[in-house]
Amino acid sequence: MPGISGSGGVPAPEPGSFPVEGLLAWYRLHRRSLPWRETRDPYRVWLSEVMLQQTRVSTVVPYYERFLNRFPTVSALAAASEEEVLKVWENLGYYARARQLLKAAKIVVDTYAGIIPDRPEELAGLPGVGAYTAGAVSSIAFGQDVPAIDGNVRRVLCRYFALAGIMADKEGLRYLSGLLAPILPPGRAGDFNQALMELGAVICLPREPLCADCPLGENCLARIHDAPETFPSRREKKKVPVRHAVAAVIRDPLDRVLLVKRQHRGLLASLWKFPGGFAEPGEEPVQTLARSVRDETGIDIRDDVFLGTVRHAYTHFRLRLHVFSCSVSGSRQVNGSCKDYRWAFPGEIRDLPLGRADRQAADLARL
DNA sequence: AAATCGGGGGG
DNA sequence: CCCCCAGATTT
């Protein structure tokens, strides 16, 4: 069991002392008005929770509106193509969410008769729905008495109960879940969960918590210890490497440009890209250009002109994408191993889903 | 348990 | 530059 740092003469926390009513009252008064709070439609709640995974509220709002405008119901989504969904998702990141959401929508339509299940165990069986999302949808849309522990809730609980450790692994989350179980107000778990998240988002901030305005007040053990910002403990930071890659804007005589579709798994899966790839150790960009384009497409290029370098930060590496314009030397026939490709006009490129870096490369090439 | 998977906003 | 965000999945 994860340790509780109840040293220093501070009494161990009593779950019974948790000011549930105070928190709920604060939430009723201060809750932000957000699009997904105007409804209890399970599809809309589900969509919001998936979009909000590792993504800020302010970022999600416009995507949420646009997505619902395009796919108003789970059956409308289930009938969509992956490329349509990815295009609407473009620049929101973590594109596996979009592909899994589409898969899950098809499952709901095909095996649940279009009815989104209400129990967390069944929800968690859907692609892209983990413990948090299952609890959130179940409690918010269906009023089930289950917890939903996201990063905000984890931080609030770690502080209130002065819990040592990171508490982000399965064991830690199970412990927090056990802590919440006796606190959850029956029939109001949806509001309670959202209240905890809202508190983490606007009061119990990671760096500088606004303790003076906190409805949990003097009961918070981290505040009593006078060190709320030290909970939960942080992961060690690993330094991220810089990786170099090239992108080839290859034009044909009709002024179309060659695009290839990425693999269905891995980074930016199923999005489109310009031909090219990562540099081998010690390789110069021009060499990378010729080699990676030939490897990927079978095409030999000529007349390469350097257009510029796009810098982009991913979670576990930083990218420097060197962009070149060029034309085909010899046959325009694309390799059989390159499954999905197309010669696209600039107008068509704008309608295909691209990652941020490739989109910037397109801008550099004035496409 | 650790790595992977995006992108943007704020300090 | 750094950090973190309504996490899930794979290795």
Side-chain angles (χ1 to χ4, degrees), chain A residues 27 31-32 34-37 44-64 86 89-101 103-104 123-141 147-156 165-173 190-202 204-208 229 232 234-243 262-271 310-319 353-360:
Chain A
Y27 180 62
R31 70 195 281 270
R32 291 169 293 177
L34 300 170
W36 45 89
R37 286 182 175 163
R44 296 181 176 233
V45 174
W46 176 24
L47 174 66
S48 74
E49 294 302 342
V50 172
M51 285 188 164
L52 287 162
Q53 287 165 12
Q54 296 290 280
T55 311
R56 286 185 161 65
V57 165
S58 58
T59 302
V60 166
V61 170
Y63 282 88
Y64 175 82
L86 286 172
W89 205 273
E90 186 178 81
N91 288 341
L92 191 54
Y94 288 133
Y95 298 93
R97 294 183 294 176
R99 292 181 294 113
Q100 286 163 333
L101 188 63
K103 271 189 199 169
L123 285 163
L126 295 170
V129 180
Y132 163 74
T133 304
V137 173
S138 187
S139 63
I140 296 170
I149 304 170
D150 73 331
N152 287 315
V153 176
R154 179 172 64 92
R155 185 172 58 256
V156 169
I166 299 176
M167 308 294 283
D169 61 356
K170 215 162 190 176
E171 184 193 345
L173 292 175
D191 276 350
F192 178 76
N193 289 334
Q194 291 189 83
L196 279 176
M197 290 189 266
E198 189 80 351
L199 189 65
V202 305
C204 198
L205 304 170
R207 304 288 196 153
E208 287 183 58
E229 66 283 352
R234 311 212 198 281
R235 286 192 164 80
E236 295 184 46
K237 54 179 186 295
K238 319 157 291 189
K239 50 193 311 177
V240 296
V242 175
R243 301 186 64 185
R262 297 174 184 268
Q263 316 279 86
H264 76 286
R265 55 185 303 167
L267 187 67
L268 304 172
S270 299
L271 300 191
V310 170
R311 303 165 63 118
H312 191 74
Y314 293 95
T315 306
H316 53 292
F317 68 94
R318 288 203 291 268
L319 176 68
L354 262 59
R356 189 82 171 88
D358 281 295
R359 186 62 69 190
Q360 288 183 262

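No experiment lies behind these values; they were computed from the predicted model shown. Below, chain A is the first sequence line, B the second, and so on; all start at residue 1.
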K.L.:
Please evaluate the base of B:dG8 for a donor-acceptor partner in the side chain of A:Thr59 within a cut-off of under 3.5 Å?
P.N.:
no
K.L.:
Quick one: which of B:dG7, C:dC4, C:dA6 gets closest to the side chain of A:Leu268?
P.N.:
B:dG7
K.L.:
Of the nucleotides C:dC1, C:dA6, B:dG7, which one has an atom closest to the side chain of A:Val57?
P.N.:
C:dA6
K.L.:
Here's a test of your reading of the structure: between A:Gly128 and A:Arg154, which maps to the more 5' nucleotide of DNA chain C?
P.N.:
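Its nucleotide being nearer the 5' end, the pick is A:Arg154.
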K.L.:
Does A:Tyr314 reach the side chain of A:Leu268, with side-chain heavy atoms less than 4.5 Å apart?
P.N.:
yes
K.L.:
Using Watson-Crick or G-U wobble geometry with both distances below 3.5 Å, tell me the partner of C:dG7, or none.
P.N.:
B:dC5
K.L.:
Which nucleotide wins on minimum distance to the side chain of A:Thr133, given the candidates C:dG7, B:dG8, C:dA6?
P.N.:
C:dG7
K.L.:
Can you spot which of A:Tyr95, A:Tyr94, A:Tyr63 makes a side chain to side chain contact (heavy atoms under 4.5 Å, CB included) with A:Trp89?
P.N.:
A:Tyr95
K.L.:
What's the closest nucleotide to the A:Tyr314 side chain, out of B:dT4, C:dA6, B:dG7?
P.N.:
B:dG7
K.L.:
Considering only heavy atoms and no angle criterion, is a donor-acceptor pair shorter than 3.5 Å present between the side chain of A:Arg207 and the base of C:dC4?
P.N.:
no
K.L.:
Is a donor from one side chain sitting under 3.5 angstrom from an acceptor on the other, for A:Tyr132 and A:Glu49?
P.N.:
yes
K.L.:
Examine the base of B:dG6 for any acceptor or donor lying under 3.5 Å from a partner atom in the side chain of A:Thr55, and report the outcome as yes or no.
P.N.:
yes
K.L.:
How do A:Trp36 and A:Pro127 order along DNA chain C: which one's closest nucleotide is nearer the 5' end?
P.N.:
A:Trp36
K.L.:
Closest-nucleotide mapping onto DNA chain B: is A:Tyr63 or A:Lys170 further toward the 5' terminus? I mean the 5' end.
P.N.:
A:Lys170
K.L.:
Quick one: do A:Arg207 and A:Glu229 make a salt bridge, cutoff under 4.0 Å?
P.N.:
no
